[in-house]
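Reminder, nothing fancy here: chain letters follow the sequence lines and each chain counts from 1.
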Protein chains: 2
Amino acid sequence: MQQRSEETRSRIIESAIKLFSNRGFNAASVDDICKDAGISKGAFYHHFESKQALFLALLDDWLQTIDNAIETSKDKPVPETFMQMTEAFPYIFETAGAGLPMFLEFWLQASRDEKIWQTSIAPYRRYHKHFTSLIKKGVEEGSFVEVNPELASRMIISTAMGLLLQSLLDPKGAKWEKVARDSTNMLVHSLMKK
Amino acid sequence: MQQRSEETRSRIIESAIKLFSNRGFNAASVDDICKDAGISKGAFYHHFESKQALFLALLDDWLQTIDNAIETSKDKPVPETFMQMTEAFPYIFETAGAGLPMFLEFWLQASRDEKIWQTSIAPYRRYHKHFTSLIKKGVEEGSFVEVNPELASRMIISTAMGLLLQSLLDPKGAKWEKVARDSTNMLVHSLMKK
DNA sequence: TAATAAAAACCGACTGGTCAGTTTGTTTTT
DNA sequence: AAAAACAAACTGACCAGTCGGTTTTTATTA
């Protein structure tokens with residue numbers, strides 16, 4: 001079977017995500033990952049040059065997901081995209097929420113390595129640009145009130161980021177899906193012309 | 001001089017903040033901290049029981065700062081407090097901004113230890129409660145429009161948290177002090193009755 | 001005020017353990 | 001048979017924390 005190799009690889013990745021999230025990059029040793037994945041160290045270093053390389057592979061996957069999300073919403077009407085974003089929030093809280101500790105781990109690692117850093121923040125930049133142009137278009141089309149697209153974009157991103165952080169700080173403090181939905185609704189409606 | 005001991009202690013703390021921020025909790029070794037502070041390991045372990053204990057001491061300091069900020073704004077009129085918050089933003093970006101990687105480091109450490117965790121999120125809970133009651137009061141007094149105080153509080157905190165994160169992701173992407181000021185102004189004015 | 005005892009602060013070599021990465025050899029696939 | 005995939009013992013560096021001893025500060029007493 002030529003699948004065996006690939007299965008080993010994905011087993012490593014699966015275990016790495018789990019252990020990096022639970023214990024952090026440094027505290028999760030290569031031995032731990034191997035044990036969890038049920039493989040040997042030799043197999044690990046056959047598939048990944050180093051622990052850092054595994055980290056970069058995970059980072060790439062994560063960034064790809066973000067880029068895809070931007071790409072798929074690229075050519076839809078402006079207000080629709082925004083409402084879609086609202087609907088997407090509960091999903092974000094389910095998925096990104098669980099993975100946010102790892103993302104923060106990523107980000108802290110990245111912030112200490114210029115090359116990784118530049119790679120890792122590129123999607124954020126694209127995300128902001130996407131939103132800015134979306135709002136700009138909405139204003140020009142007349143579906144949005146007169147706003148500063150730059151500022152509005154940053155505020156929307158802030159709300160999402162901030163709510164995610166809060167949901168992790170205080171998991172049982174609120175029905176976060178509902179908070180997210182209501183907040184985004186408020187923002188979107190304050191942008192839309194009546 | 002009875003100050004010598006205290007100076008050593010603060011030298012340790014100063015170096016710890018610097019190195020934890022730059023390299024992270026794990027990567028900054030006790031030896032590194034001692035070397036940077038210009039003291040010996042014996043001196044270090046005379047002042048702190050363990051590396052973890054040093055970490056907790058830093059955490060305490062940080063949490064104290066937050067609690068003080070809440071306390072000092074406790075008995076001022078509602079709209080005034082909000083405007084004060086707006087004015088305080090540039091300061092937050094100067095101080096908390098530089099320290100946020102360390103705070104995240106703290107927080108990631110904390111999230112893996114139930115006891116530390118409970119301690120570290122308590123100020124956030126107080127902060128949220130403070131804001132909620134502040135908005136509630138404003139609504140009852142008639143200086144604010146009818147809003148859900150819970151939701152409004154979470155949105156304001158989100159904006160602050162989210163902008164801080166963004167300012168770190170994209171340091172040169174915007175004049176963050178201005179963005180923060182404008183955003184908070186928008187939020188506050190949308191709350192206040194005309 | 002000076003001498004001295006006790007305690008606090010500090011030094012730095014050392015220990016036991018961990019961990020990323022290597023190497024040598026074996027099994028499985030092509 | 002050749003190459004890819006895997007196993008696991010091993011290496012060298014590093015690191016948190018210890019320990020026996022020294023210096024400095026503080027308290028006590030004459």
Rounded to whole Å, CD1 of A:I12 lies from P of C:dA20 at a distance of 14 Å
More than 12 foreign heavy atoms under 6.0 Å from CD of B:E14: is that the case here?
no
(Q) Does a side-chain N or O of B:H46 approach OP1 or OP2 of C:dA9 to a distance below 4.0 Å, or not? (A) yes
Between CG of B:N26 and C1' of C:dC19 the distance, given in whole Å, is 12 Å
Query raised in the report: Are B:R154 and B:E150 close enough for a salt bridge, meaning some N to O gap below 4.0 Å?
Result: yes
In whole angstroms, the gap separating C1' of C:dC19 from CG of A:L19 amounts to 15 Å
Tell me whether the side-chain N/O atoms of B:K41 come closer than 4.0 Å to OP1 or OP2 in C:dG12. no
Of D:dA16, C:dG21, D:dA7, the nucleotide closest to the side chain of A:K51 is C:dG21
Among the nucleotides C:dA20, D:dA7, D:dA16, whichever has the atom closest to the side chain of B:S29 is D:dA16
A:F44 atom CZ is separated from D:dA4 atom P, nearest whole Å, by 20 Å
Would you say the side-chain atoms of B:S21 pair up with the backbone N or O of B:I17, donor to acceptor, closer than 3.5 Å? yes
Worksheet item: Would one find more than 12 heavy atoms of other residues, nucleotides or ligands at under 6.0 Å from atom NZ of B:K51?
Response: yes
To the nearest angstrom, the CZ-P distance between B:F48 and C:dA9 comes to 12 Å
- Between A:S5 and D:dA5, does any side-chain N or O lie under 4.0 Å from OP1 or OP2? yes
Enclosure of B:E49 CD (heavy-atom neighbours >12, cutoff 6.0 Å)
no
Of D:dA16, D:dT24, D:dA7, the nucleotide closest to the side chain of A:I39 is D:dA7
Against the side chain of B:D31, the closest entry in C:dA20, D:dA16, D:dT25 is D:dA16
In whole angstroms, the gap separating C1' of C:dT24 from OH of A:Y45 amounts to 17 Å
Taken to the nearest whole Å, CZ/B:R4 to C1'/C:dC11 is 11 Å
Atom CG of B:L54 and atom C1' of D:dA16 are separated, to the nearest Å, by 13 Å
Heavy-atom nearest nucleotide on DNA chain C taken for A:S50 and for B:G38; more 5' hit belongs to B:G38
Inset, instruction - Please state whether the phosphate of D:dA5, meaning OP1 or OP2, lies under 4.0 angstrom from any side-chain nitrogen or oxygen of A:T8. - result: no
